[in-house]
Amino acid sequence: MSRRIKRTDPKPRSRDERKEARPFKARSAKPAGLRPGGKPGAKAPRFASERVERRAPKAEPEKAAPAKPVEALLPTKVQTVKVTADENNMRVDRFLEAHFPGLSFSHIQRVVRKGELRVDGKRVDSKDRLEEGQSVRIPPLKLDTPKAPNPQSEAAQKTLAALKEMTIYEDDDVLVLNKPAGLAVQGGSGMTRHIDQMLEVMRDSKGQKPRLVHRIDRETSGCLLVAKTRFAASHLTGAFRSRSARKTYWALVPGLPKPKQGRISTFLAKEESEDDTIMRIAQHGAEGASHAVTYYAVVETAGNKLTWVSLKPVTGRTHQLRAHMEHIGHPIVGDPKYFNIENWQLPGGLQNRLHLLARRIVIPHPRGGFIDATAPLPQHMQQSWNLLGLDASRFDPIENAPEE
């Protein structure tokens, strides 16, 4: 029987207000995922460490016009560009990146934040989406624009080798990386090395740079999806918006969550200070509050003192899983932002690092079939699993969590 996937209503349903976390029951011992190459709603194979499958025919990537040198493309004075049909629904930052290859992430964010870039005369956010026919006012972009790295340089070769080592799936359109903990996805203040910057060395002969499709926290390891073409980027971001992408995370938490399988539904709002930014539980209607839903399931316990949980985020809010597990009293082990249990001591032999893994992603491939990628436990989590006697090959009950 096929399963319908629908968007979460931003308005809380009455049952959410009555009870934020409630149990769900697994219907079967078999996972009900998506079979690569099959139809939505079909059953997926069981978890297998480091397994990646896709049974869709390969197709040639989209053709693009040859890229011009970065310096020739950068405007030295204000110019206005019309959004084409092909660019309809494209994010503002992706629009700039596509028009001006090599433009730094920080420069894009700065011109948008300062209001130097306007759409139909109005200020926008970098994540806002454009519509065909809109006029985009682009300011001079000469300053702070790095040159594209020489693909033959020693540094570029080292970066390519590092990306190859991270790769767990690749074809003409898509790349899935096993991002290590500690490596940021995008740049920020004082950030000199991150995935977005590393992808510069993968620009093809047509000037196209692989594009990030989603993000995971700096200290979270695991599956990170990258589109190698604009065609793939459009389809994959659409899959995330429609929630047809299925993500599974593994975490280690103190205590034993009750019930053993449940749903967490809250509103989250960003709380900023001089030194940090965290997400706090907020009331419906509060400024900046967004609805967030997570399903969790206990996989295995270690003497009821530590528990391996599998998590399935329905929405994709910043720090959602970390904030939700803290909210129900079981913050993720090693979390520097949300682990605040008093007088709790880390068991001997476990590293005080975030025990959160983006374990698996299943998403429709832009040219048919499905991408199904699984990341192995990072070294510090594997060490903890070994010390606690947890079996990473166990069946994952979160597969039966409902779609919303």
Side-chain angles (χ1 to χ4, degrees), residues 10 70 73-75 78-84 86-146 148 184-200 203 207-218 224-227 229-230 232-241 245 268-272 277-279 287-290 292 315-320:
V70 172
L73 284 170
L74 293 175
V78 174
Q79 65 175 232
T80 300
V81 178
K82 286 283 186 181
V83 178
T84 66
D86 288 341
E87 295 164 337
N88 185 55
N89 206 37
M90 184 180 284
R91 278 175 37 159
V92 170
D93 53 359
R94 299 295 182 222
F95 178 86
L96 278 177
E97 185 183 66
H99 276 264
F100 310 108
L103 192 63
S104 70
F105 170 80
S106 59
H107 193 81
I108 291 174
Q109 297 300 312
R110 183 161 59 251
V111 298
V112 175
R113 184 176 64 251
K114 289 184 176 181
E116 296 174 3
L117 181 142
R118 301 272 177 145
V119 177
D120 288 345
K122 299 178 181 178
R123 294 178 69 114
V124 291
D125 186 84
S126 61
K127 296 180 181 179
D128 289 345
R129 296 190 177 273
L130 299 169
E131 296 179 4
E132 180 184 358
Q134 287 184 319
S135 296
V136 182
R137 175 193 182 276
I138 300 173
L141 298 173
K142 185 176 180 180
L143 296 177
D144 295 339
T145 304
V185 173
Q186 284 187 311
S189 178
M191 196 77 63
T192 58
R193 187 171 183 265
H194 49 84
I195 295 291
D196 196 39
Q197 172 259 329
M198 293 173 71
L199 292 173
E200 287 287 345
R203 286 189 183 276
Q208 289 199 81
K209 170 191 168 185
R211 299 161 174 82
L212 296 169
V213 177
H214 67 125
R215 291 147 187 77
I216 55 179
D217 295 341
R218 180 176 182 176
L224 180 69
L225 191 64
V226 178
T229 63
R230 189 179 302 173
S234 176
H235 282 73
L236 294 172
T237 52
F240 273 92
R241 285 197 303 274
L268 295 175
K270 188 176 294 186
E271 184 178 288
E272 295 183 297
T277 298
I278 58 176
M279 302 300 289
E287 183 179 358
S290 299
T315 51
R317 312 304 178 198
T318 302
H319 297 175
Q320 176 177 316

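These numbers come from the heavy atoms of this one structure, side chains and all, not from hydrogens, waters or symmetry mates. Position 1 is the first residue of the sequence, and the numbers go up from there.
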Could you pull out all residues at least two apart from [X] that satisfy side-chain contact (heavy atoms from CB on, under 4.5 Å)?
X	value
Gln134	Val83, Val119, Asp120, Leu130, Glu131
Arg118	Arg123, Arg137
Asp196	Glu97, Phe105, Gln186, His194, Lys209, Leu212
Lys114	Arg110, Glu116

Set of salt bridge (charged side-chain N to carboxylate O under 4.0 Å, His left out) partners for Glu271, sequence neighbours left out: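 By the salt bridge (charged side-chain N to carboxylate O under 4.0 Å, His left out) rule, Glu271 matches Arg280.
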
Mind checking what makes salt bridge (charged side-chain N to carboxylate O under 4.0 Å, His left out) contact with Arg218, not counting sequence neighbours?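 So Arg218 forms no salt bridge (charged side-chain N to carboxylate O under 4.0 Å, His left out) with any residue.
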
Given side-chain contact (heavy atoms from CB on, under 4.5 Å), test Val213 with Val226 step by step and report yes or no. CA-CA 5 Å; Val213 177; Val226 178; 5.7 Å; no

Check whether any side-chain heavy atom of [X] sits under 4.5 Å from a side-chain heavy atom of [Y], and report yes or no.
X	Y	value
Lys127	Arg94	no
Asp125	Val92	no
Met198	Arg193	yes
Arg215	Leu225	no
Thr315	Ser290	no
Leu117	Val124	yes

Tell me the closest heavy-atom pair linking [X] and [Y], and the distance in Å.
X	Y	value
Arg230	Arg211	N-NH1, 3.4 Å
Ala269	Ala289	CB-CA, 4.1 Å
Arg129	Asn89	NH1-O, 3.0 Å
Val185	Ile216	CG2-O, 3.3 Å
Arg317	Ala292	CG-CB, 3.7 Å

Rounded to the nearest 0.5 Å, how far does [atom2] of [Y] lie from [atom1] of [X]?
X	Y	atom1	atom2	result
Asp128	Phe95	CG	CZ	13.5 Å
Thr229	Leu236	OG1	CG	8.0 Å
Thr318	Asp217	OG1	CG	7.5 Å

Asp93/Arg91 salt bridge by N-O under 4.0 Å criterion: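 Salt bridge flag = yes for Asp93 with Arg91.
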
side-chain hydrogen bond (donor to acceptor under 3.5 Å, both in side chains) partners of [X], counting only residues at least two apart:
X	value
Ser234	none
Thr84	Glu87
His319	Tyr338
Ser135	Lys82

